[in-house]
Each structure stands twice: as C-alpha cells, then as structure tokens.
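Below is one structure, written out as structure tokens; the observations come after it.
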Amino acid sequence: MISNTFQLAISSLWINGFIVVLSVIIIIVLLFAISVLLNMREIRGDTDKMGFKSDEERFKHYIDTLNSKQIEEFRKVRKKETSFAPTSKKDVVSGLTIAILCLISHFSYGQNEGVDSETVMSSGGVIITLILIAIPIIVGILLLAGRVKKYINNISDRNKHIEARKLADYIKSLPEDEIEETIERRQAAVNYQLSQKELSGDQPVADTKGLIAENPDTSLPFVAVKKKATKRPSVDPKLAKLVLWFAATATFWLIFGTSVGEYVGIKFVAPDIDQTSWLSFGRLRPVHTNSVFWGWASLGMLGLGYYSVPRVGNNVLFSYKLGWITLVLINATVLFGTIALMAGINNGGGEFREYIWPVMLPFAAALILTLYNFLKTIATRKTKEIYISNWYMVAALIFAIVITLVAYLPFWQTGLGETIVQGYYMHQGVGMWFMMFTLGIVYYYLPQQLNQPIYSYSLGILAYWTQILFYTLIGSHHFVFSSIPWWLQTVAIVGSVGMVIPVVAGTTNFVMTFKGAWHKITDSYTLPFFIVGIVFYFTGSMQGTAEAFRETNLYWHFTDFTVAHSHLTMYGIITFFIWAGMYVIIPRLTGKEPPQITVGAHFWMALIGLMFYSVPLMIGGTLRGLSWMEGKPFLDSVIMMAPHWLWRAIGGSLMWLSHLVFAYNLYKMWDSKPALDVKDLAIQKLDKDLNQQTEKAF
C-alpha cells in the first residue's frame, strides 16, 4: 500500500497543480487586459498619441517622415495630377466609446456537515474535474481576446483611413511649389549618407539630414525596442514557400509532442486518470519523444538548411521538388508512427520505443533525397570553397542515414548485439544528427546576425573532425557495469572525455565570434537565443562527459538526472538554436516581424521553464541515487522525489506555454495582416481622387 505520507504528497501536488492552472488563467486575463489598454491609445486616435497641438502640425510631420518608397509613390501620383481644383475638405467627426466589461468569477463550494473540505478538495478526481473545467474557460478567454483584438484593430484601421483622408485633403490644399519644395527636401534627407564624422566636429544637432529616427511617443515603453531584420535581396518565392512549410509543420509537431508531454506529466502523478489503453503512459511517452525528435527538430533543422545551403554557395537549390517530397515523407513518418505507437506497435527494444522499421523507412528515404539535393546544390556552387556550415550539414545527413539503417533494420536486433546497437543509435542520433546539423546552422546564422565572420575557420575544422572521431565511440557509456565487454565500456568513457576537444573548440569559436559585437545583444531578439544555445552547448556537453565515468554512473544512472540532462541538450541546445534560426530567416522570407513583447515572453518562459524543469531533477536525481546506494527502500526515493516532480511539472508547463507563444509569433511573421500606414493610405486616396477626376473629365 502507498503510505499516508505519499498520499499527502500527491494531494499537495494536485492542489499546487490546480493553483498553477488558476494562475495561468489569471495571467492570461491580465495579459489580455494589458493588450486592450495598450491598444486603447490607437482607438483614441493618432492625434492624442503623437501629442501635436494642431492638425496642420501633425500633417506636416507625416510629410516630413515619408520614406523613399512613399516619396516614389507620391511622385507617381503627382505626375497623374490634372488641372482640376482640389476637392474641398470634408469635416469628419468620429465618436468612439469602448466599455471594458470585467467578468469576475466567484467559486463557492457547498458541503454537508461532517465532510472534510480539505480532504474533498485534495481528491484527485475533484482536482482533475476542476482542471478540465478550467480548460474551456481558458479557451473561452483566448477566443474572447481574439475577438476583442480584432474589434480594436478594425477601429484602429478605420481611424487610420479617416486620418489618411484628412492628410490627402490637406496635401491637395497646399500650393504646388510648397509641396514640391517639401518633397525635394525630404528626398535629399532620405538619400543622404553619413560621412562618419558628424559626432566629432562642431556641427549643430539638427534633423535636417533625416538622420534622427524620431519617436513622438514619450510614454514609458513596456519593453526595450529591438533592431528589425535587415532588408536583404528578395528570396526566391519557391524557396521561401518551402522553408516556411518546413517551419510550420515543425511547429505543429512541437505543439503536438509537448502537449502529449503535458498529459504524460499529469499521468506521472495520477496514473489512473484514464483507463484507455492508447492513452497509457507506456504508449504516450514514446509519442512525445519521437514527435519532437523526428517531427519538430528534424523538420526545423532541414528547413533552415534548405535556405542556407544554396545561400553560402551563391546559387539556387538543385531541386525544389525533392524538397517537397522530403517534407511529405517526414511528416508521413511522424503521423503514421504516432498512430502505430498509440496502437501499441513499436520497436520494443529501442531506447525510446521508436517507430517500427517499415514506418521509419520513409524517413530514411527523405534523408537520402535531401543528401542528394544538397550535394548537387554544393556541386554547382559559384564559390571556390565549401563553407564550413555545409560540411556539418552533409556529414549529419550521412551519419543519420547510417544510424537509421543500423538501428532499424531487424537483422541484428537480438541479445547483447541489440544493446550495443541501441547505445550506438541513441548517442549518434543526438550527436551526429541533431547536434552536427544544428552546429552547421549556427556557423551560418550566427556570423550573419553579428555581421562579422566566424572567429576561426581552423577551430571549426578541428571541432568537426574530432566530433566525428570521438562521438562515434561513446554510445556504450550508457551500459557501464552491464554485461557488454568491459573494454567497450572503457572505450566509450575515453571517447566521452575526448569530446572535450570539439566542445571547447566550438564554444570558443562561437564566443569569440561575438568579440567586438557584444553590444548587439541588447538590440537583438535573435542573439539571446544563440547565447543560451552556446551556454548549454558547453555545459550540457561537459555534463555528458561527467556522467560517463563509472563513479558518477553509480548514482546518476536510471535516475531523473538523466532526464534533466537530455532536456538540457535537446531543448537547451537544439531547440534554442532552431528558434534562433527561425527568428532570423522567417522575417526575411515574409517581410513581417514578430511582436517583440511575445518574442521576449517566449524566450523567458522557455528558459525559466527549462531551469525549473532540469535543476530540481538533477538535485533530486542525485539524492535518489545516493539513497539507492545506501540501500534505502525504493518507495522512500519515490516519496522524496515528489517536490522535485512538482517543480518539473511547473517548468514543463512554462515550456509548453512558450511553445504556444512561439506558434503565435510564427503566425504573426507569416500570415498576419500588415499594419496600415496613414501616409500610404493618403497617397492611395490622392491617386484615387485624381483617377476619379480624370474619368469625370472624359
């Protein structure tokens, strides 16, 4: 029987879990309220927000801040202008009233005399019921927030159209010589180039050259303003579409896989939450791991690779068709693999109860097609050398194909041979597929974001060859003290120590690339993701080396310490690097930036969640291993882990919520409606007025 102490621990977990759910609801409501308040300024109109004393002053500001594209469009309209007199101004009166209704929910509980309310509220069934009730409440709040946000945007757009109409009428009322003089002055300001000596002389500070980006909003900003993505030459629309679909499907599997992980976390403390076989822990856990491995990480890496491989060779992708076939094959693998796992069909001897080999075969085919596509693209490059990022990516594809064939073909999957093969597979999958390919991504995207070359090409080559040498040997360190040959265990340990060379070389290379550019971190929303990935690349990899020794295996193996380590590497390194790459490239493909506040929310929720998840598990795992070595009962270690698992649940929930925020950011970067610009609208209205006058004249 489970002891009363353990029952109290579980009850405490449920109560705290319910408090977390309520906290999430409150946070969502507060964020919704803040969003409404921030948008109220747009509803009140641009006049109040800018702080101008008169309409004329505001309209002059619009004209003085035209960009080069708007000036060009305005000149086109001027060329079409006829001798018709400008239309008279129309007084537009817009009255807007918004009432914010706050719904305050009050939960009251009734009970019969003699019933212990604390016992009832600690019941797992009651807590689960309340959580299930909270889910539609959260969904309802989100739907309401979306509708209110849409309503606010519609009002804001309507106000901008009204403001644009006023601006167009104001421009038509001005004398032609005054308009031409103003436009010429603004054109000269836009075309002006710095001499790089402006701050060293005695030139008075003035904005006559258009050098100062004025921010008329004097209120305290909620978040620091970050630098926007630099405009680049347009990307081939076919390539952009392919990369975006890789990113979108990868994000879908990230949300799906981690949502399954959330549910598995519930079953971790309440295994009897359901009685359905296909929702059992043994079936859902491999669904979680495989969907984030092959769905999220693999698709995310390949999408970034499809952009960078032709870019560094200054050519085009060899075949877009092969890219689309790869996308379909991998998604089909994860889809059918998930169905098979939930039906209880899996590779039972595998580390993560992986997909059976017929299901995994399309994935191997996709890797072969991608390798062929990349090699043909590299072969037709217009540069002399093959940049180091392509070395890493091609090597990762070669090793991934070998790993897939070795681990999934059933010919040698028996006895100790299967154990050794699985040790090879589990570490090769992480180190020679995910890590190798991701490092190739960093070698392209990090220098590009810093606008300076990689610190040392030689360090990159050293890290490349030593990783191939040592990482292929270390899989057996997971089976220390097992029945596999002692010499093979020792070779794995020596290889693990040898991994210090590529990790130190790679980390040094990345950190030194920041030399002279550390100040750019504060102005960027992509570089912090790279920094986190680099930090965990060093610490997580060194932690893996520390775990390989026989002494540490005694008290860390088979504990939650290993779970924490796997998340520090696969999440702290691979996932953060993929996010960094996506935040770099997607705005260039779509021309749309993500909201800075939600990028910040994504970053901090993911990082803090990872810390809440991994640090308690490392502490608890160490204590648990020591208790086993002391010969204490297994159940004592389970009771001891309860508070550590609570922190794991809190951290996992933050990580999961950050993924939802990332999905929202992806939507805003891809398919969001562009914000209206009053100056663009005014030019369009001027053009429309002239066209109508021309039609009436004829």
Side-chain angles (χ1 to χ4, degrees), residues 69 226-255 295-328 330-331 370 373-374 377 387 389-390 393 437-438 440-451 524-530 533 575-596 598-599 602-603 659 661-675 677:
K69 181 180 179 182
K226 303 296 183 180
K227 185 179 179 181
K228 303 294 184 182
T230 305
K231 291 185 178 180
R232 304 269 174 178
S234 58
V235 181
D236 186 347
K238 293 187 293 184
L239 178 62
K241 185 177 181 180
L242 178 64
V243 173
L244 287 172
W245 273 102
F246 266 97
T249 53
T251 304
F252 170 80
W253 291 116
L254 173 67
I255 299 297
W296 155 244
S298 297
L299 286 171
M301 294 187 313
L302 287 172
L304 296 174
Y306 269 104
Y307 176 86
S308 64
V309 167
R311 208 73 174 177
V312 297
N314 196 25
N315 60 344
V316 297
L317 187 67
F318 171 70
S319 172
Y320 294 107
K321 183 178 180 180
L322 290 179
W324 284 105
I325 293 174
T326 297
L327 179 68
V328 172
I330 295 179
N331 278 284
T370 302
N373 207 358
F374 282 6
T377 303
Y387 183 59
S389 64
N390 283 358
M393 293 181 188
F437 201 104
T438 305
I441 291 172
V442 178
Y443 271 103
Y444 171 77
Y445 288 95
L446 178 61
Q448 190 279 329
Q449 277 293 280
L450 293 172
N451 196 27
S524 172
Y525 58 78
T526 58
L527 291 177
F529 286 92
F530 282 112
T575 296
F576 267 85
F577 277 149
I578 293 174
W579 280 333
M582 287 187 176
Y583 279 128
V584 169
I585 195 58
I586 295 178
R588 295 183 188 168
L589 300 179
T590 63
K592 301 172 185 176
E593 298 280 345
Q596 292 183 9
T598 52
V599 175
H602 169 213
F603 174 82
H659 305 161
V661 177
F662 169 67
Y664 171 77
N665 291 339
L666 179 64
Y667 163 75
K668 296 295 288 185
M669 289 187 288
W670 188 356
D671 199 30
S672 62
K673 180 182 177 182
D677 190 310

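We're numbering straight along the sequence, starting at 1.
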Counting C-beta onward and ignoring hydrogens, is there a side-chain heavy-atom pair between [X] and [Y] closer than 4.5 Å?
{"X": "Val316", "Y": "Pro310", "value": "no"}
{"X": "Tyr583", "Y": "Asn665", "value": "yes"}
{"X": "Phe662", "Y": "Ile255", "value": "no"}
{"X": "Tyr306", "Y": "Leu242", "value": "yes"}
{"X": "Gln449", "Y": "Leu527", "value": "yes"}
{"X": "Asp236", "Y": "Leu317", "value": "no"}

TODO: Please step through side-chain contact (heavy atoms from CB on, under 4.5 Å) for the pair Thr575 and Trp579, ending with a clear verdict.
DONE: CA-CA 6 Å; Thr575 296; Trp579 280 333; 3.5 Å; yes
Please check this pair: side chain of [X] against backbone of [Y], looking for a donor-acceptor N/O pair closer than 3.5 Å.
{"X": "Ser298", "Y": "Gly295", "answer": "no"}
{"X": "Tyr445", "Y": "Ile585", "answer": "no"}
{"X": "Thr377", "Y": "Phe318", "answer": "yes"}
{"X": "Tyr307", "Y": "Leu589", "answer": "no"}

Open item on the list: Using a 6.0 Å cut-off, check whether atom CH2 of Trp324 has over 12 heavy atoms from anything other than its own residue.
Closed with: yes
Open item on the list: Name the residue from Glu593, Gln596, His602 that meets the side chain to side chain donor-acceptor pair (under 3.5 Å) definition with Tyr525.
Closed with: Glu593
